[in-house]
Colleague: 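Let me give you the structure first, and then I'll get to my questions.
Both backbone and side-chain heavy atoms feed into the values below; hydrogens, waters and symmetry mates do not.
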Amino acid sequence: MTELIEKKQLNNIATWMIPIKQTNLPSVLKGVFFLDGNPLPDTCITMYNLEWDTYNRALVLPVFAPLQWTFHNSIPGWILLRLVQWFEVSYKIQFEDETLQQAQIIPILLGIPISRSIVNFTMSQDKNSLNGDIWHRKNLWFGGLSRAGEYTLRRVVDENGHYTPAFNDMLPRVPNECLVIGINSKDNASSNISNSQLLR
């Protein structure tokens, strides 16, 4: 694979995981989020630079897009990053209503949505944090046989580029060095086209 893989530092994530194009992303989804409790070797995500479908209250988050997701700089992290690229993993995040408090998350592999009978992922704002700082990610596998992989999204960088209190809580708990797909990846343009098609 020819995509550029870069090593970055989480302790200055606000300087490089940033918006590089203007979109109409809602404020509750702006910033950088820590996957607190996630058992996989990945740490932070952003929804910056993604097209928000105002009418359908949805967006598509391509895990394999440049500077969208961070992975541990470890053998498991490298394996997960490559799997994400090979299977072109994306998530369609579909909110129930205009309050943007509850969303269904649909995994997409190689452009094919995965049935909710296999994986039923949801995301909901914490009732005590309705500004988007805390989201609960719940999973039901195979109709409820397992709830493996659940975690909490905590905003560590706000929409103004300032670190939140959750940032200092995150740093001692995760490896500082991480891997990201580089911004000049050859797939950048094609992923943007694919995302717009998935939102239709």
Colleague: Looking at CH2 of W16 and CD of E6, how far apart are the two atoms once the value is rounded to the nearest 0.5 Å?
Modeller: 9.0 Å
Colleague: What orientation do Y91 and F121 show, parallel under 30°, tilted 30 to 60°, or perpendicular over 60°?
Modeller: tilted
Colleague: For residues Q85 and I5, report the shortest heavy-atom separation together with the two atoms involved.
Modeller: NE2-CD1, 4.0 Å
Colleague: Grab the two heavy atoms, one from F167 and one from V156, that are nearest each other, plus how far apart they are.
Modeller: CB-O, 3.5 Å
Colleague: Between N38 and Y151, is there a donor-acceptor pair closer than 3.5 Å when you use the side chain of the first and the backbone of the second?
Modeller: no
Colleague: Would you give the length of the straight line joining atom CG of N49 to atom CD of Q22, rounded to the nearest 0.5 angstrom?
Modeller: 9.5 Å
Colleague: Tell me whether D133 contacts the main-chain N or O of R155 through its side chain, where contact means a donor paired with an acceptor under 3.5 Å.
Modeller: no
Colleague: Who passes side-chain hydrogen bond (donor to acceptor under 3.5 Å, both in side chains) against W141, sequence neighbours left out?
Modeller: none
Colleague: Could you measure the distance from the CD atom of Q68 to the SG atom of C44? Nearest 0.5 Å is fine.
Modeller: 12.5 Å
Colleague: For A58, is there any backbone N or O sitting under 3.5 Å from a side-chain donor or acceptor partner on N56?
Modeller: no
Colleague: Determine the minimum heavy-atom distance between I114 and I106, stating which atoms define it.
Modeller: O-CG2, 4.1 Å
Colleague: Side chains of E150 and N139: is there a donor and an acceptor less than 3.5 Å apart?
Modeller: no
Colleague: Just checking, is any N or O donor in the side chain of S129 or N131 under 3.5 Å from an acceptor N or O on the other one?
Modeller: yes
Colleague: Using a strict 4.0 Å threshold on nitrogen-to-oxygen distance, state whether R173 and D36 make a salt bridge.
Modeller: yes
Colleague: Counting distance only, does the side-chain N/O of N176 pair as donor-acceptor with the main-chain N or O of L10 below 3.5 Å?
Modeller: yes
Colleague: Please report the interatomic distance CD1(I18) to CG(L67), rounded to the nearest 0.5 Å.
Modeller: 8.5 Å
Colleague: Is the NZ or CZ atom of R154 both under 6.0 Å from the centre of the six-membered ring of F33 and within 45° of that ring's axis?
Modeller: no
Colleague: Please give me the minimum heavy-atom distance between G31 and T46, naming the atom from each residue.
Modeller: O-OG1, 2.8 Å
Colleague: Report the residues that fulfil side-chain hydrogen bond (donor to acceptor under 3.5 Å, both in side chains) with T15, sequence neighbours left out, ordered by chain and then residue number.
Modeller: none
Colleague: To the nearest 0.5 Å, how far apart are CG in D42 and CG in L35?
Modeller: 5.5 Å
Colleague: Of all heavy-atom pairs between V119 and P107, which one has the smallest distance, and what is that distance?
Modeller: CG2-CG, 3.6 Å
Colleague: Is the shortest side-chain N to carboxylate O distance from D53 to R57 below 4.0 Å?
Modeller: no
